[in-house]
J.: 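I have a structure here, written as structure tokens, and I will follow up with some questions on it.
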Amino acid sequence: MTCLEAIRRDITTTLTSPSLKKEDIIPILQMDSKEEMQALQSLAMEVRKEQVGRVVYFRGLVEFSNVCRKNCFYCGLRRDNREVNRFRLDEEEILRAAAFAHENRYGSLVLQSGENQREEYIDFVCRIVRKIKSKYDLGITLSCGEQSRETYRRFFESGAHRYLLRVETSSPELYGKWHPDDGKHRFQTRLECLKSLKDTGFQTGSGSMVGVPFQTWGDIAGDILFLRDMEIDMMGIGPFVEHSETPFHRKDAACLIPREERLNVTLKTIAILRILLKDVNIASTTAMQALDRFGREKGLMFGANVIMPNLTPVSRRKDYLLYEGKPCLDEDALRCNNCLPVRIACVGDTIGYGERGDPLHYFRRVSRHSSDGD
Ligand code: 5AD
Ligand code: SF4
Ligand code: FES
């Protein structure tokens, strides 16, 4: 048996064990040699090919408002960052982005914003979703933070069928260190929201960040098990990238995983999730490309199968900086639309033009629960 085969066998044995624990995952997250990376990558790609195919689905991303009521310590859009020009796109601007997605045969659109629970904002989201659905055959994903059960229901009834809400970290203690203790940032609320989203019927996306101050290897391993146990359908995992106008900018000393290692650890996390969860969708996130010119392509090579091309009007992109070094700030949708297919072809994948690319995990989860009488 070659060295590569032996490592592959060890990873498979570990990850298929019914009693898989955090402590078993940590050594895989810490794998570092060329052979180990190759073993993980080849296993993840085998599972990806077999379960979801070598097809990449596009979700056109429209960052439609940077107004946010929260104050997360890591994020450039936090309420206390007075350097941000707050904006909200108008209906026409969003519809133009939707038209672009439709004309270029992206199967879906993601509407993302900071967190806003005002009635007027919720009405606006419902209205725009209804309008897009009446004009175009596009799947709609919302990423609008924590809302009430009732609001989630209204979003769903307007025609959105997917929702992204990252848990950020599955550790309540760590969640407390990443957010102010002001009653507005509660881990428990995040969990309840994820549950509400699933109950409402959404294809539910969640995920976490890698390399944020105070995070340990055990925390990342815990995130993987959390996403499995919560039966999440879509994963968004990205490296932490500093933003100078946030409290976490000068917390280097508290970072156990230095910036240079964050992309690799993110790639290993993606590979483990693919091997473990099989039929989920996994995004190759933009933050990976902030750390490496080929970050997103590498994500695809470690098991991701979704890319979110940015359709936000170029004039607004510099006002939507969750972190610094975000790629394609000056490239309009057309430029990325020409660039991405080349990048994707380079890794040997094809693009699922005109396809929704819904996560198979969702359909299996729903049918499993209905046959359980759940
Ligand atoms: N680095 C990387 N990702 C970040 N996010 C917020 N701030 C940062 C940062 N500094 C992520 C969070 C959020 C998503 C929209 O962006 O995980 O859920
Ligand atoms: Fe607001 Fe989201 Fe940034 Fe937190 S991570 S400050 S909720 S935009
Ligand atoms: Fe935007 Fe290449 S992906 S220019």
Side-chain angles (χ1 to χ4, degrees), residues 11-22 24-25 28 43-57 59 107-108 110 139-143 146-147 149-150 152-153 155-157 159-170 187-208 221-237 269-283 302-306 352 355-374:
I11 298 173
T12 310
T13 313
T14 305
L15 294 181
T16 48
S17 155
S19 59
L20 178 68
K21 292 186 296 299
K22 272 197 216 180
D24 307 321
I25 297 178
I28 306 183
L43 278 172
M45 281 314 263
E46 274 171 29
V47 177
R48 181 182 158 204
K49 193 168 168 201
E50 184 189 295
Q51 297 281 332
V52 293
R54 296 283 307 256
V55 183
V56 178
Y57 299 107
R59 280 75 169 99
S108 306
V110 179
I140 298 192
T141 310
L142 291 178
S143 174
E146 293 173 1
Q147 303 289 346
R149 224 165 228 274
E150 168 64 9
Y152 286 147
R153 191 189 56 77
F155 286 165
F156 191 72
E157 285 173 359
H161 78 303
R162 300 190 191 115
Y163 203 100
L164 306 177
L165 181 69
R166 287 192 184 176
V167 69
E168 313 297 358
T169 170
S170 58
F187 181 74
Q188 199 53 36
T189 310
R190 196 49 64 125
L191 291 188
E192 283 157 17
C193 284
L194 281 171
K195 179 147 193 327
S196 295
L197 288 165
K198 283 169 60 191
D199 291 347
T200 306
F202 280 107
Q203 295 175 14
T204 304
S206 194
S208 52
D223 295 343
I224 293 173
L225 295 176
F226 172 89
L227 295 168
R228 178 194 67 180
D229 297 341
M230 281 292 283
E231 297 191 290
I232 295 298
D233 307 307
M234 301 142 5
M235 314 286 150
I237 310 286
T269 308
I270 289 176
I272 296 170
L273 283 168
R274 173 60 71 203
I275 298 166
L276 203 58
L277 305 183
K278 301 189 167 49
D279 55 1
V280 293
N281 278 350
I282 305 180
F302 277 79
N305 67 329
V306 166
E355 288 178 64
R356 284 282 169 87
D358 286 317
L360 297 171
H361 185 272
Y362 167 80
F363 300 107
R364 293 185 182 141
R365 162 166 77 82
V366 170
S367 81
R368 195 167 52 241
H369 286 272
S370 61
S371 65
D372 287 350
D374 188 357

J.: Is there a side-chain contact between Asp223 and Thr269 in this structure, where contact means two heavy atoms from C-beta onward sitting under 4.5 Å apart?
T.: no
J.: Compare every heavy atom of Gln51 with every heavy atom of Leu360, then report the nearest pair and how far apart it is.
T.: CD1-O, 3.5 Å
J.: List the steps, then state whether side chain to side chain contact (heavy atoms under 4.5 Å, CB included) holds for Tyr362 with Phe202.
T.: CA-CA 9 Å; Tyr362 167 80; Phe202 280 107; over 6 Å; no
J.: Leu194 and Thr204: side chain to side chain contact (heavy atoms under 4.5 Å, CB included), yes or no, with the steps?
T.: CA-CA 8 Å; Leu194 281 171; Thr204 304; 4.0 Å; yes
J.: Are Lys278 and Glu50 ion-paired here, with the side-chain N under 4.0 Å from a carboxylate O?
T.: no
J.: Can you tell me how far the OG atom of Ser196 sits from the OH atom of Tyr163, to the nearest 0.5 Å?
T.: 10.5 Å
J.: How about Lys198 and Arg365: do any of their side-chain heavy atoms sit closer than 4.5 Å?
T.: yes
J.: Do you know the tightest heavy-atom contact between Met45 and Gly303?
T.: SD-N, 4.0 Å
J.: Is there a donor in the side chain of Glu231 and an acceptor in the side chain of His369, or the other way round, less than 3.5 Å apart?
T.: yes
J.: For the residue pair Asn281 / Asn305, report whether a side-chain donor-acceptor contact shorter than 3.5 Å exists.
T.: yes
J.: Please name all residues satisfying salt bridge (charged side-chain N to carboxylate O under 4.0 Å, His left out) with Arg162, sequence neighbours left out, ordered by chain then number.
T.: Asp358
J.: Do the side chains of Arg190 and Glu168 get close enough for a salt bridge, i.e. N-O under 4.0 angstrom?
T.: yes
J.: Any luck finding a side-chain donor-acceptor pair between Asp24 and Thr14 under 3.5 Å?
T.: no
J.: So which atom in Ile25 and which in Ile272 form the shortest heavy-atom distance, rounded to 0.1 Å?
T.: CG2-CD1, 4.1 Å
J.: Mind listing the closest non-hydrogen atom pair of Gly207 and Arg166 along with its distance?
T.: O-CB, 3.4 Å
J.: Would you say that Phe187 contacts Val167 through its side chain, given a criterion of any heavy-atom pair below 4.5 Å between the two side chains?
T.: yes
J.: Any non-hydrogen side-chain atom of Ile275 less than 4.5 Å from a side-chain atom of Thr12?
T.: no
J.: Answer yes or no: is there a side-chain heavy-atom contact under 4.5 Å between Thr169 and Ser208?
T.: no
J.: As an exercise, state the distance from CE of Met235 to CG of Leu273, rounded to the nearest 0.5 Å.
T.: 6.0 Å
J.: Would you check if the side chain of Arg356 reaches a backbone N or O of Tyr57 as a donor-acceptor pair within less than 3.5 Å?
T.: no
J.: Is the shortest side-chain heavy-atom distance between Leu164 and Val110 below 4.5 Å?
T.: yes
J.: If I take atom CG from residue Leu142 and atom NE2 from residue His161, how far apart are they, to the nearest 0.5 angstrom?
T.: 10.5 Å
J.: Quick one: do Arg153 and Glu150 make a salt bridge, cutoff under 4.0 Å?
T.: yes
J.: Of all heavy-atom pairs between Arg274 and Ala44, which one has the smallest distance, and what is that distance?
T.: CG-O, 3.5 Å
J.: For the residue pair Asp279 and His361, confirm or rule out a side-chain donor-acceptor distance under 3.5 Å.
T.: no
J.: Please examine the side chains of Met234 and Val306, heavy atoms only from C-beta on, and report whether any two atoms are closer than 4.5 Å.
T.: no
J.: Looking only at heavy atoms, what is the nearest atom pair of Tyr152 and Gln147, with distance?
T.: OH-N, 3.1 Å
J.: Decide yes or no for Val280 and Ile282: does some side-chain heavy atom of the first lie under 4.5 Å from some side-chain heavy atom of the second?
T.: yes
J.: Nearest 0.5 Å, please: how far is CD1 in Ile237 from OG in Ser206?
T.: 8.0 Å
J.: Given the rule in the side chain to side chain contact (heavy atoms under 4.5 Å, CB included) test, do Leu227 and Leu276 qualify, once you have shown the distances and angles that lead to the verdict?
T.: CA-CA 10 Å; Leu227 295 168; Leu276 203 58; over 6 Å; no
J.: Give the C-alpha distance, both sets of side-chain angles, the deciding distance and a yes or no for side chain to side chain contact (heavy atoms under 4.5 Å, CB included) between Leu165 and Ser143.
T.: CA-CA 6 Å; Leu165 181 69; Ser143 174; over 6 Å; no
J.: When rounded to the nearest 0.5 angstrom, what is the spacing between CZ in Arg364 and CG in Asp233?
T.: 11.5 Å
J.: So, taking the atom named OG in Ser19 and the one named NZ in Lys21, what distance separates them when rounded to the nearest 0.5 Å?
T.: 5.0 Å
